[in-house]
Amino acid sequence: MKVLVIGSGGREHAMAWKLSQSIKVSAIFIAPGNGGTYLNPKFKNIDLTDINLLSDFAIKEKIDLTVVGPELPLSKGIVDLFRFKNLNIFGPTQKAAQLESSKDFAKDFMYRHNIPTAKYRTFKMPDEAHQYIAEHGAPIVIKADGLASGKGVIVAMTVEEAHEAIDFMLVDNKFGDAGAKVVIEEFLEGEEASFMVVCDGKTILPLATSQDHKRLLDHDMGPNTGGMGAYSPAPIVTNEIYSKVMEEIISPTIYGMAKDGIPFTGFLYAGLMITKKGDVKTLEFNCRMGDPETQPILMRLKSDLFEMLYKAALGHLDSLEIEWDTRTALAVVLASAGYPESPRLNDEIHIEDRIIPDSYIFHAGTVYKDNKLLTSGGRVLAVTALGNSVKEAQFKAYEAINTVKFNGVQYRKDIGYRALNNN
Ligand code: AMP
Ligand code: GLY
């Protein structure tokens, strides 16, 4: 079977890596891929991002399954287009992807289906938004309605910051259409976790639990990023929390979408806030797997990822059971100088041949040019390792990092500390 993976990040490298372990898979194309996938003879990078050209490619190459990594092509309707052309693809339709591409859609959906989430109001007019902030005070959270490359959420600790965020989005239109509407919501306190499932429209297959570290610096300080590290499982998701998430969030979402006439196929990612009391609220939905959560999750997956996604795309997930490695996997992201504000590009990356057992280096912002591996984005590599405990996985991941060098590298030294505290 021939597979096409859409995307270029660490998540897509991990998907391709896992798909390549299936005996059913004969070829893997990645569009556009990165330096790491280019250098691996098992994969072929395809320099395409336009969804029409991708569908032409899938027809020409007789691709049996296309798997979509990031949200952007989903929000542009790649799944609708591929299905229209009778191509087999795994992911949500453009309408279903609104759970991620419109915060207003997601909040309205959660309210209608009684899915726990922060109280909110949606605004288009700056005056009304400013007045709401004046009435509610800080801390308060301002979110651009649309996709804003992970920069659309401002957790305002002061009223001034909140007013500034409103002006930024509604007056200065800094996010364009994505910020033409804003959701203002109640600030929630607790610990975050990521909960992902695979769904074929009817059957829900939960993936292993995980947690990521969004802040740039140790002890969860500094600016928010796409994620500086992650691990699986997340000890904070106890059996009790797990059942609550399935009953109160995941099941009502999947059944609610089906009831609303928008059946959800694809990966559904619920960003959770778990309070001290053990209540769980939904911070956000993503219609894709998380990055870097995918890297540790897929290192723990023992079952055949191709079979899982192929069956899900055909609506036959009910006949599948999956198996997980009981060990912990932990990923540390190596970011370029200047990340997240203005990542520096074109620093040469050196990776020693020495292999640390049970570890793998997934590439993200890398490119191979003139016989050199160079940085080409903010998050450059995710160094991931398996261990019998969080401590062991952490130790091996940091040992594997010693095999990598590039100028300006930034990474956190404490990935996994919450899991160690919760153990
Ligand atoms: P989101 O993209 O909606 O998940 O927001 C990005 C990050 O902002 C989350 O991972 C949280 O750290 C933070 N955040 C979002 N919504 C809230 C909220 N209502 N209360 C506190 N923090 C939030
Ligand atoms: N790591 C968070 C995300 O993928 O959205």
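Keep in mind the model is a prediction, meaning the values are calculated, not measured. Atoms within a ligand are numbered from 1 in the order they appear, just like the ligands themselves.
- Formation of a donor-acceptor pair under 3.5 Å by the Asn286 side chain with backbone atoms of Tyr269 is not found in this model.
- Between Tyr368 and Tyr38, the ring-plane angle classifies as parallel under the 30° and 60° cut-offs.
- For the pair Lys103 and ligand 1, a heavy-atom separation below 4.0 Å is found.
- Set against the non-hydrogen atoms of Glu185, the atoms of ligand 1 under 4.0 Å away are 16 (N), 17 (C), 18 (C), 19 (N).
- In this pair, Tyr111 and Tyr120 present their aromatic rings tilted. The plane angle is within the 30 to 60° band.
- For the pair Val153 and ligand 1, the shortest N or O to N or O distance does not fall below 3.5 Å.
- Among all protein heavy atoms, the one lying closest to atom 17 (C) of ligand 1 is Leu283 CD2, 3.5 Å.
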Apply side-chain contact (heavy atoms from CB on, under 4.5 Å) to residues Lys107 and Met110 and explain how you reach the verdict.
CA-CA 5 Å; Lys107 296 295 286 192; Met110 285 190 266; 4.1 Å; yes
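- Here the rule is salt bridge (Lys or Arg N to Asp or Glu O under 4.0 Å) with Arg288, and of Glu71, Glu12, Glu293 only Glu71 fits it.
- When the heavy-atom distances from atom 1 (N) of ligand 2 to Asn286, Asp212, Thr294 are ranked, the shortest goes to Asp212.
- Between Phe306 and Tyr310, the ring planes lie parallel to each other; the angle is under 30°, not in the 30° to 60° tilted range.
- At least one N or O atom of Asp291 sits closer than 3.5 Å to an N or O atom of ligand 2.
- Taking each of Lys214, Glu284, Arg215, Glu192 in turn, the one with a heavy atom nearest to atom 11 (C) of ligand 1 proves to be Glu192.
- If you look at Arg288 next to ligand 2, the close heavy atoms, those under 4.0 Å, all belong to the side chain.
- Atoms of ligand 2 lying under 4.0 Å from any heavy atom of Gly226, numbered from 1 in the order shown and given with element: 1 (N), 2 (C).
- Ligand 2 has no N or O atom lying under 3.5 Å from any N or O atom of Lys214, backbone or side chain.
- No donor-acceptor pair closer than 3.5 Å links the side chain of Asp172 to the backbone N or O of Lys174.
- Looking at Lys143 against ligand 1, only its side chain comes within 4.0 Å, counting heavy atoms.
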Intermediate values then yes/no, side chain to side chain donor-acceptor pair (under 3.5 Å), Ser8 and Asn34
CA-CA 5 Å; Ser8 63; Asn34 56 41; over 6 Å; no
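- Considering only non-hydrogen atoms, atom 20 (N) of ligand 1 lies nearest to Leu188 out of Val155, Thr282, Leu188.
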Check the pair Lys396 / Glu392 against salt bridge (charged side-chain N to carboxylate O under 4.0 Å, His left out), numbers first and verdict last.
CA-CA 6 Å; Lys396 284 194 203 163; Glu392 194 183 273; 3.7 Å; yes
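- Below 4.0 Å from some heavy atom of Tyr269 lie the following atoms of ligand 2, by number and element: 2 (C), 3 (C).
- Per-residue contacts place Gly290 under 4.0 angstrom from the following atoms of ligand 2 (heavy atoms of the residue considered): 4 (O).
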